[in-house]
Q: 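Pasting in a structure now, in structure tokens, and then I'll have a few things to ask.
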Amino acid sequence: MTEIRQPIRYGMVGGGLGGFIGGVHRIAAAMDGEFRLVAGALSSNPEVAHASACQLGLPADRSYADYRRMAAVESEREDGMQAVVIVTPNHLHAEQAKAFLAAGIHVICDKPLTATLDQALELYRVAKRSDRIFAVTYCYTGYPMVREARQRIRDGEIGALRLIDVEYPQGWLATALEETGDKKASWRTDPLQSGPGGCVADIGTHAYHMARFVSGDAVESVSAQLTRFSPGRRVDDDVQARLRFAGGAQGMLWASQVAVGHENGLKFRIYGESGSLEWVQADPTYLWKSTLDGPRQLLTRAGAGVGNGSLRHCRTAAGHPEGYLEAFATIYTEAAEWIRAGEATAENLCPGIEDGLEGMRFIDACIASSNQDGAWTDLG
């Protein structure tokens with residue numbers, strides 16, 4: 001008799017009432033039926049935690065006001081959580097993740113990995129000593145056409161890479177929104193919670209991870225300028241950086257949260273010796289390919305000519321749009337595959353703690369470079 005595969009039981013730290021990203025994680029985790037929410041420490045405020053748990057249908061004995069108690073109790077239950085999803089501000093990630101790893105629980109953590117590089121290095125050492133998986137939700141790499149671009153570059157379709165251009169502009173922090181009490185803005189602009197990086201940590205790491213993921217190349221050094229355009233702001237709200245890749249390519253990265261008119265304008269343009277690829281998140285169904293001697297070609301998600309690397313992550317037929325939530329769900333589905341297999345297979349591209357640590361090295365190098373007037377700085 002075929003064994004019925006049960007969803008992976010997970011608990012969530014953070015993500016209570018009034019938050020945005022917790023709900024996104026829950027939708028993504030549930031989309032392919034791979035995960036089931038069974039417990040939560042949804043807020044450090046017991047009343048908010050209880051109200052959030054009730055709204056999500058969690059029983060009272062699976063709602064916790066303290067994540068340490070959740071780790072201890074759930075690890076002893078026969079039906080306890082197998083994985084934890086951490087969606088709290090950056091400065092809390094390290095201690096929370098370590099508590100669940102110590103309890104033998106898999107960790108899925110929002111980005112950036114931690115608030116500081118020192119925290120990330122310590123957490124990396126702890127995670128590598130554990131036999132649990134540690135996934136980091138760089139969600140944008142879950143788009144099928146991002147996977148398509150990555151594979152075509154690996155197959156040599158555009159030749160040796162020369163230029164890698166990635167950007168992620170937003171405009172929502174063009175004014176001092178943190179001074180109005182807006183929760184999302186308040187912690188992201190507070191260096192005690194976000195860490196020393198602002199925009200560079202919040203969305204700059206997304207752009208950086210995208211550049212590395214699609215190109216398949218490592219960044220050796222950066223020359224960065226971090227700016228605080230909003231008067232009185234304590235962290236950067238714009239980052240412009242040049243990148244030197246190990247394979248010889250040159251890159252440019254721009255991320256901003258004061259670019260008026262932009263929402264979530266993530267895009268990349270990658271140029272090789274014989275062709276180029278271009279993808280825009282606002283229109284994620286399409287990937288543009290150009291070659292030296294041929295017409296510009298439009299490739300579509302699940303359409304003619306795309307490869308298995310992207311098709312395996314398509315949930316609907318060509319012409320039916322898939323977007324952000326589906327891309328996020330792909331990361332969760334790969335995390336589930338990783339948990340069940342006990343190791344990441346070659347085709348499983350779920351970001352891990354190495355990706356999280358690399359993002360923290362990028363943040364640290366950008367800050368150091370900017371403090372030295374854009375001096376080229378190694379990532380270490």
Q: Checking side-chain polar atoms at under 3.5 Å, does D237 have a donor or acceptor matched by the opposite partner on S230?
A: no
Q: Give a yes-or-no answer on whether the side chains of Y67 and E95 include a donor-acceptor pair shorter than 3.5 Å.
A: no
Q: To the nearest 0.5 Å, what is the distance between NE2 (H206) and CG (L253)?
A: 12.5 Å
Q: With no hydrogens and no angle check, just 3.5 Å: does a side-chain donor-acceptor pair link R301 and T316?
A: yes
Q: Where the side chain of N371 meets the backbone of A368, is there a donor-acceptor pair that is under 3.5 Å apart?
A: no
Q: With a 6.0 Å cut-off on the ring centroids, do F328 and H25 count as close?
A: yes
Q: May I have the step-by-step check of side-chain contact (heavy atoms from CB on, under 4.5 Å) for T114 and E122, ending in yes or no?
A: CA-CA 10 Å; T114 54; E122 180 186 1; over 6 Å; no
Q: When rounded to the nearest 0.5 angstrom, what is the spacing between CD in Q250 and CZ in R244?
A: 6.5 Å
Q: So, T137 versus D110: side-chain donor-acceptor pair below 3.5 Å or not?
A: yes
Q: Report yes if some heavy atom in the side chain of V24 is under 4.5 Å from a heavy atom in the side chain of I27; otherwise report no.
A: no
Q: So, T377 side chain and A375 main chain: donor-acceptor pair closer than 3.5 Å or not?
A: yes
Q: Do the side chain of T227 and the main chain of F229 share a donor and acceptor less than 3.5 angstrom apart?
A: no
Q: Counting only heavy atoms from other residues, nucleotides and ligands, does the tally under 6.0 Å from CG of D79 exceed 12?
A: yes
Q: Please find the pair of heavy atoms, one from E273 and one from L292, that lie closest to each other, and give the distance.
A: O-CD1, 3.6 Å
Q: Evaluate whether atom CE of M31 has more than 12 neighbouring non-hydrogen atoms of other residues, nucleotides or ligands under 6.0 angstrom away.
A: yes
Q: Would you confirm whether R228, through its side chain, and R234, through its main-chain N or O, come within 3.5 Å as a donor-acceptor pair?
A: yes
Q: Taking all heavy atoms of G247 and all of D217, pick out the closest pair and write down the distance.
A: N-OD2, 2.9 Å
Q: Can you name the nearest heavy-atom pair linking D238 to C199, along with the distance?
A: N-CB, 3.9 Å
Q: Check whether more than 12 heavy atoms from other residues, nucleotides or ligands sit under 6.0 Å from atom NE2 of H50, and answer yes or no.
A: no
Q: Just do the side-chain contact (heavy atoms from CB on, under 4.5 Å) check on F100 and M70 with the steps written out, would you?
A: CA-CA 9 Å; F100 287 98; M70 181 164 80; 3.6 Å; yes
Q: Indicate if V280 and Y138 have the same hydrophobic cluster label, given that clusters are the connected sets of ILVMFWY residues with side-chain heavy-atom separations under 4.5 angstrom.
A: no
Q: So if you build clusters from Ile, Leu, Val, Met, Phe, Trp, Tyr with side-chain heavy-atom gaps below 4.5 Å, do F245 and F268 land together?
A: yes
Q: Once rounded to the nearest 0.5 Å, what's the spacing between atom OH of Y124 and atom CE of M360?
A: 15.0 Å
Q: Considering all heavy atoms of both residues, which atom of V200 and which atom of D236 are nearest to each other, and what is their separation?
A: N-OD2, 2.9 Å
Q: Pick one: which of R315, R147, R312 meets side-chain hydrogen bond (donor to acceptor under 3.5 Å, both in side chains) with T330?
A: R315
Q: Return the minimal non-hydrogen interatomic distance between D165 and R269, and the atom names on each side.
A: OD2-NH2, 2.6 Å
Q: Using side-chain heavy atoms (C-beta onward) and a distance below 4.5 Å, is E220 in contact with D378?
A: no
Q: Flag yes if more than 12 heavy atoms outside R340 fall under 6.0 Å of its CZ atom; otherwise flag no.
A: yes
Q: With a 3.5 Å distance limit and no angle check, can you tell me whether S63 reaches the backbone of A60 through a side-chain donor-acceptor pair?
A: no
Q: Of Y140, W254, Y208, which meets side-chain hydrogen bond (donor to acceptor under 3.5 Å, both in side chains) against Y168?
A: Y140
Q: Could you see if W172 belongs to whatever hydrophobic cluster contains Y324? Use Ile, Leu, Val, Met, Phe, Trp, Tyr and a side-chain cutoff under 4.5 Å.
A: no
Q: Spell out, yes or no, whether Y271 and V146 are grouped together once hydrophobic residues are joined by side-chain heavy atoms under 4.5 Å, including indirect joins.
A: no
Q: Can you measure from CZ (R150) to CE (M145) and round to the nearest 0.5 angstrom?
A: 15.0 Å
Q: Kindly indicate whether the side chain of L37, heavy atoms from C-beta on, has any atom under 4.5 Å from the side chain of M12.
A: yes
Q: Would you say W376 and S369 make side-chain contact, with heavy atoms under 4.5 Å?
A: no
Q: Taking C-beta and beyond as the side chain, do I367 and L226 meet within less than 4.5 Å on heavy atoms?
A: yes
Q: With a 3.5 Å distance limit and no angle check, can you tell me whether H93 reaches the backbone of P112 through a side-chain donor-acceptor pair?
A: yes
Q: Atom CG in L277, atom CD1 in I158: separation rounded to 0.5 Å?
A: 4.5 Å
Q: Would the distance check show the side chain of Q151 and the main-chain N or O of S310 forming a donor-acceptor pair, the cut-off being under 3.5 Å?
A: no
Q: For S52 and L17, indicate whether the former's side chain and the latter's backbone hold a donor-acceptor pair under 3.5 Å.
A: yes
Q: Please determine whether the number of non-hydrogen atoms from other residues, nucleotides or ligands lying under 6.0 Å from atom CG of D155 exceeds 12.
A: yes
Q: Does any part of the side chain of Q6, heavy atoms only, come nearer than 4.5 Å to the side chain of R36, both counted from C-beta?
A: no
Q: Let me know which of L101, V85, I8, I339 forms a side-chain contact (heavy atoms from CB on, under 4.5 Å) with H106.
A: I339
Q: Would you call H91 and L192 a side-chain contact if the rule is heavy atoms closer than 4.5 Å?
A: no
Q: Look at the side chain of S194 and the backbone N and O of D190, then say whether any donor-acceptor pair between them is shorter than 3.5 Å.
A: yes
Q: Hey, mind stepping through F134 and L123 against side-chain contact (heavy atoms from CB on, under 4.5 Å) and telling me if it holds?
A: CA-CA 10 Å; F134 198 113; L123 179 56; 3.8 Å; yes
Q: Is it the case that Y332 and E34 place a side-chain donor and acceptor less than 3.5 Å from each other?
A: no
Q: Is any side-chain heavy atom of K111 closer than 4.5 Å to one of D202?
A: yes
Q: Taking all atoms of both residues into account, what is the closest heavy-atom pair of G319 and P321, and its distance?
A: O-CD, 3.5 Å
Q: Among Y143, Y286, W288, which residue meets the ring-ring contact (aromatic ring centres under 6.0 Å, His included) test with W279?
A: Y143
Q: Is the closest basic N to carboxylate O distance between R9 and E74 below 4.0 Å?
A: no
Q: With a 4.5 Å cut-off on side-chain heavy-atom distances among I, L, V, M, F, W and Y, is there a chain of contacts connecting M252 to I153?
A: no
Q: Would L121 and R361 count as a side-chain contact (heavy atoms from CB on, under 4.5 Å) here? Give the steps.
A: CA-CA 10 Å; L121 289 166; R361 292 190 190 279; 3.7 Å; yes
Q: Please confirm whether the backbone N or O of W187 pairs with a side-chain atom of Q193, one donor and one acceptor, at under 3.5 Å?
A: no
Q: Other residues, nucleotides and ligands only: do more than 12 of their heavy atoms fall within 6.0 Å of CD on E354?
A: yes
Q: Distance check, rounded to the nearest 0.5 Å: I164 atom CD1 versus R212 atom CZ?
A: 10.5 Å
Q: Among I108, T141, L349, find the one that has a side-chain contact (heavy atoms from CB on, under 4.5 Å) with I331.
A: T141
